[in-house]
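Note on naming: letters A, B, ... go to the chains in the order of the sequence lines (proteins, then strands), and numbering restarts at 1 for each one.
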Number of protein chains: 2
Amino acid sequence: MRLTRAGEYGIRCVRHLAIHGQGKLVSRKEIASRTEVPPHFLAKIAQQLARAGIIEILQGANGGYRLLNDPAKITLLAVIEAIIGEISLNDCVGRPESCRDSALCTVHRVWNKANQQLRATLQEADFATLAREDACCLTSFP
Amino acid sequence: MRLTRAGEYGIRCVRHLAIHGQGKLVSRKEIASRTEVPPHFLAKIAQQLARAGIIEILQGANGGYRLLNDPAKITLLAVIEAIIGEISLNDCVGRPESCRDSALCTVHRVWNKANQQLRATLQEADFATLAREDACCLTSFP
DNA sequence: TCTATATAAGACTAAAAACATCTTATATGT
DNA sequence: ACATATAAGATGTTTTTAGTCTTATATAGA
Ligand code: SF4
Ligand code: SF4
């Protein structure tokens, strides 16, 4: 697992939208500026979020992005994995066939357990809760 | 966090030594061949393990590596962090100053919790247990 | 309809990190 | 002395990440 910048930026984007509420349209420009993400980079990330069904993208003048679902239903895990793919702490967790005999390896089992635990923790965090308690200067009003 | 190949190789090396027991000298050549690690790469990794006080390196003819401590005292976490540095799932976990206001960020708190949990899980795994139960073809006798 | 403004999509580039090898030096047993 | 082993770090290759640029398309409003 490795949270790339793209992953971190994706989280910031969804968090910013969550603070504004489900369905509220926010321009890419505003999101990019408030979350300190390069606008063109945000565009690519937004496309991944859109493909994952997390946000909707509106083109044209006064276009922008908006959350498709209730922030309470959107988990940190879903956003992260929409950007960087399924979390895998070691190669053999996601692709057991990558190591000759992962079936018998005790280290492999530790990684599997740790991976499962990590994903569970990230799944418990929803954006309604994250946004409600958040006072981070990056995304807070005004 | 990202388990690099170097990290994975370091674990394999210590596991192979643990199977042979504390203090038992094993040549780099044998370790490299049995764990399928490029010999020169293993040399660099071994140096990191030695600096961390996990193994001892003996030079000269019939040289090699050996575990300094009881495998039961060596944790997966210690070995990993000797190679890749302290585990940090997101940049702001290890370096809070890298983000403007991590003190107020709720996402930051989730990362901190997940990071702590992960390190705890990896600390619970010791190499005596790992080696005893292990039947992986990479390292098992003969 | 025309124009200004917005994003779509993917090509392209630069920088960084990962992965590995090579070279020269040093240590040790015979 | 010599064969064999690792030390240490320079060097090189490949892959990934991070970011930018270009051309196309969609929409609101004059
Ligand atoms: S040796 Fe075990 S932990 Fe390492 S890659 Fe293979 S299965 Fe995974
Ligand atoms: S916004 Fe929060 S989670 Fe993201 S880098 Fe900053 S402190 Fe960390």
Side-chain angles (χ1 to χ4, degrees), chain A residues 1-13 16-17 24-33 35-52 54-68 80 83-85 87-91 94-95 98-99, chain B residues 1-13 17 24-33 35-52 54-68 80 83-85 88-91 94-95 98-99:
Chain A
M1 143 79 176
R2 158 112 188 253
L3 188 71
T4 58
R5 280 218 198 252
E8 164 68 23
Y9 291 163
I11 294 167
R12 288 191 196 173
C13 173
H16 191 78
L17 289 170
K24 168 74 179 174
L25 188 70
V26 185
S27 74
R28 183 185 67 174
K29 197 170 156 187
E30 184 195 320
I31 300 171
S33 127
T35 59
E36 297 181 347
V37 176
H40 282 81
F41 201 1
L42 180 56
K44 274 199 347 189
I45 293 161
Q47 284 159 34
Q48 291 182 274
L49 292 172
R51 266 181 239 127
I54 294 168
I55 67 170
E56 186 184 23
I57 300 179
L58 299 187
Q59 284 195 48
N62 307 327
Y65 308 145
R66 71 172 155 213
L67 286 187
L68 273 178
I80 292 167
I83 308 290
I84 66 169
I87 284 176
S88 177
L89 287 170
N90 194 1
D91 223 42
R95 301 185 11 257
S98 72
C99 187
Chain B
M1 144 80 177
R2 159 110 188 253
L3 187 72
T4 60
R5 281 217 195 254
E8 164 68 24
Y9 292 163
I11 294 167
R12 289 191 196 175
C13 172
L17 289 170
K24 168 76 180 173
L25 187 71
V26 185
S27 75
R28 184 185 66 173
K29 198 170 156 187
E30 184 196 320
I31 300 172
S33 126
T35 59
E36 297 182 346
V37 175
H40 282 82
F41 202 179
L42 180 57
K44 275 202 344 192
I45 293 162
Q47 284 159 34
Q48 291 182 272
L49 292 173
R51 264 179 241 127
I54 295 169
I55 67 170
E56 186 184 23
I57 301 179
L58 299 188
Q59 283 194 48
N62 306 327
Y65 308 145
R66 72 172 154 214
L67 286 188
L68 273 179
I80 292 167
I83 309 290
I84 65 168
S88 176
L89 288 169
N90 194 1
D91 222 43
R95 301 185 11 257
S98 72
C99 187

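- To the nearest 0.5 Å, the span separating CG on A/Leu17 from CZ on A/Arg12 amounts to 14.5 Å.
- For the pair A/His40/A/Lys44, no side-chain contact is recorded, criterion being any heavy-atom separation below 4.5 Å from C-beta on.
- Taking CZ of B/Arg28 as the reference point, atom CD1 of B/Ile57 lies at 9.5 Å (rounded to 0.5 Å).
- Residue B/Tyr65 places no side-chain N or O under 4.0 Å from the OP1 or OP2 atom of D/dA5.
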Is there any protein nitrogen or oxygen under 3.5 Å from a nitrogen or oxygen in nucleotides 20-30 of chain D, and what are the pairs?
{"residue": "D/dT25", "atom": "O2", "partner": "A/Gln59", "partner atom": "OE1", "Å": "3.3"}
{"residue": "D/dA26", "atom": "O4'", "partner": "A/Gln59", "partner atom": "OE1", "Å": "3.0"}
{"residue": "D/dT27", "atom": "O2", "partner": "A/Ala61", "partner atom": "N", "Å": "3.2"}

Subject >> Working for side-chain contact (heavy atoms from CB on, under 4.5 Å), residues A/Cys99 and A/Asp91 >> reply: CA-CA 8 Å; A/Cys99 187; A/Asp91 223 42; over 6 Å; no

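- As rounded to whole Å, 16 Å separates atom C1' of C/dT5 from atom CD of A/Glu30.
- The stretch residues 57-67 of chain B participates, sequence neighbours left out, in these side chain to side chain donor-acceptor pair (under 3.5 Å) pairs: B/Glu56-B/Arg66.
- Summarising the geometry, the separation between CG on B/Leu42 and P on C/dC22 is reported as 16 Å, rounded to the nearest angstrom.
- Residue whose closest nucleotide on DNA chain C sits further toward the 5' end, between A/Ser27 and B/Ala6: A/Ser27.
- The side chain to side chain donor-acceptor pair (under 3.5 Å) test applied to B/Arg2 returns no partner, not counting sequence neighbours.
- Atom P of nucleotide D/dA8 and atom CZ of B/Arg51 are separated by 7 Å, given to the nearest angstrom.
- For B/Ile84 and C/dC19, the CD1 to C1' distance is 15 Å, given to the nearest whole Å.
- Rounded to an integer number of Å, the gap from CG of B/Leu25 to P of C/dA27 is 18 Å.
- Atom CD1 in A/Ile57 sits roughly 7 Å away from atom P in C/dA9 (whole-Å rounding).
- To the nearest 0.5 Å, atoms CG (B/Leu89) and CG (A/Leu3) are separated by 8.5 Å.
- Between D/dT6 and B/Arg28, a contact under 4.0 Å exists linking OP1 or OP2 to a side-chain N or O.
- Distance CD (A/Glu56) to P (C/dA6): 18 Å, rounded to an integer number of Å.
- Distances shorter than 4.0 Å separate some side-chain N or O of B/Tyr9 from OP1 or OP2 on C/dA20.
- Atoms NZ (B/Lys29) and P (D/dT4) sit 9 Å apart, rounded to a whole Å.
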